[in-house]
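The structure appears below as structure tokens.
Numbering of ligands and ligand atoms starts at 1, following listing order.
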Amino acid sequence: MADQDQLHRFIFETTSVRGEYVHLDSTFQAALSRHDYPPIVANLLGQAMAATVLLGATVKFEGSLILQLQGKGPMTLLVVQLFSNGSLRGLVNWNEADLPETDNLSSLFGSGQLVITIEASINANNKKSGRKKGERYQGIVEFGDGNIAKALEGYFKQSEQLETRLWLSVNDQHAAGLLVQAMPSNQSQMQNGDQEENDKESWNRIAILSDTVTNEEMIGLPFREIIRRLYHEEDVRVFEPEIIRFRCTCSRVRIEELLRSLGEDEVKDILKETSKVDVDCEYCKQHYSFDAIDVEKLFLKEIGPDMSRTRH
Ligand SMILES: [Zn+2]
């Protein structure tokens, strides 16, 4: 049985190459169970979820990392958000019943973009600057004629100047991914032509070995077995795995904030038409309902101290 919902990191000793492997099980199934996705949409979401975990493991962040694919084809939007505590959620929008049976991004999205956003959490940010909104990093690349793995390889090359290879594999219950990346050579080490030549050679060799991985192996084998099969002549050091889980960050408090930001007039107009205000989280489909009394309370809170007069 393959590892469930775990991220594994590993390095190739005496080289500057690192690797990551992710296997998603109940996390992927939880994301699927809340929506009625056509098979190709489910497949693409699985690829994007695995890819986002791999991407998240290559950068240090406190807050959330968002991988977004956007275009104007049969599919218009795919968003996966990973939080630094290992929670993951995703959503997909498409506007045609008959989607092409391919994972080629330009067939699905037309010409479009891959957008990577890192948002520092409000808590983490408050300590530093006291600003209300978190710090933001955004990288955007056009995706050409390829799948998510190719688009991300392009992103790493263009935005990070890092040689990277990725393999993603999804069936109806599992999503898995493998990544290898050539790290920048250690500056403190004595640099010479030999070292550079050595790094290049290691990278080429490991990339070729990794490329022999099959979809079945990635989905069905335990991590250690994959490593043994692919790299049996390499000196691989593996680290403790990390747990990934599906968890949406929506809450009634957050929805209340959202309604307050719409303004009292707007919310009361909705209330007049429908007698209650219903909000569904677009990520997890959790339903939130506010009746007339809830709405009154929502906007009363802002008055604050005045309420105390009625208490005695
Ligand atoms: Zn939610």
(request) Flag the pair Asp278 and Lys276 as a salt bridge only when some basic side-chain nitrogen lies within less than 4.0 angstrom of an acidic carboxylate oxygen. (result) yes
(request) Scan residues 145-158 for pairs that pass salt bridge (charged side-chain N to carboxylate O under 4.0 Å, His left out), counting only residues two or more places apart or in two chains. (result) Lys150-Glu153, Glu153-Arg165, Lys157-Glu163
(message) Taking 2.8 Å as the limit, list every protein N, O or S atom around the Zn ion (ligand 1), by chain and residue number.
(response) Cys248 SG, Cys250 SG, Cys281 SG, Cys284 SG
(message) Could you measure the distance from the CZ atom of Phe109 to the CG atom of Leu44? Nearest 0.5 Å is fine.
(response) 5.5 Å
(request) Would you kindly check if the NZ (Lys) or CZ (Arg) of Arg34 is within the cone defined by 45 degrees around the ring axis of Tyr283 and under 6.0 Å from the six-membered ring centre? (result) no
(message) Connecting only ILVMFWY residues whose side-chain heavy atoms lie within less than 4.5 Å of each other, what is the rest of Val115's hydrophobic cluster?
(response) Ile140
With a 3.5 Å cut-off and sequence neighbours excluded, list the donor-acceptor pairs that the side chains of residues 48-61 form with protein atoms.
| residue | atom | partner | partner atom | Å |
| --- | --- | --- | --- | --- |
| Thr52 | OG1 | Ala48 | O | 2.6 |
| Thr58 | OG1 | Leu55 | O | 2.7 |

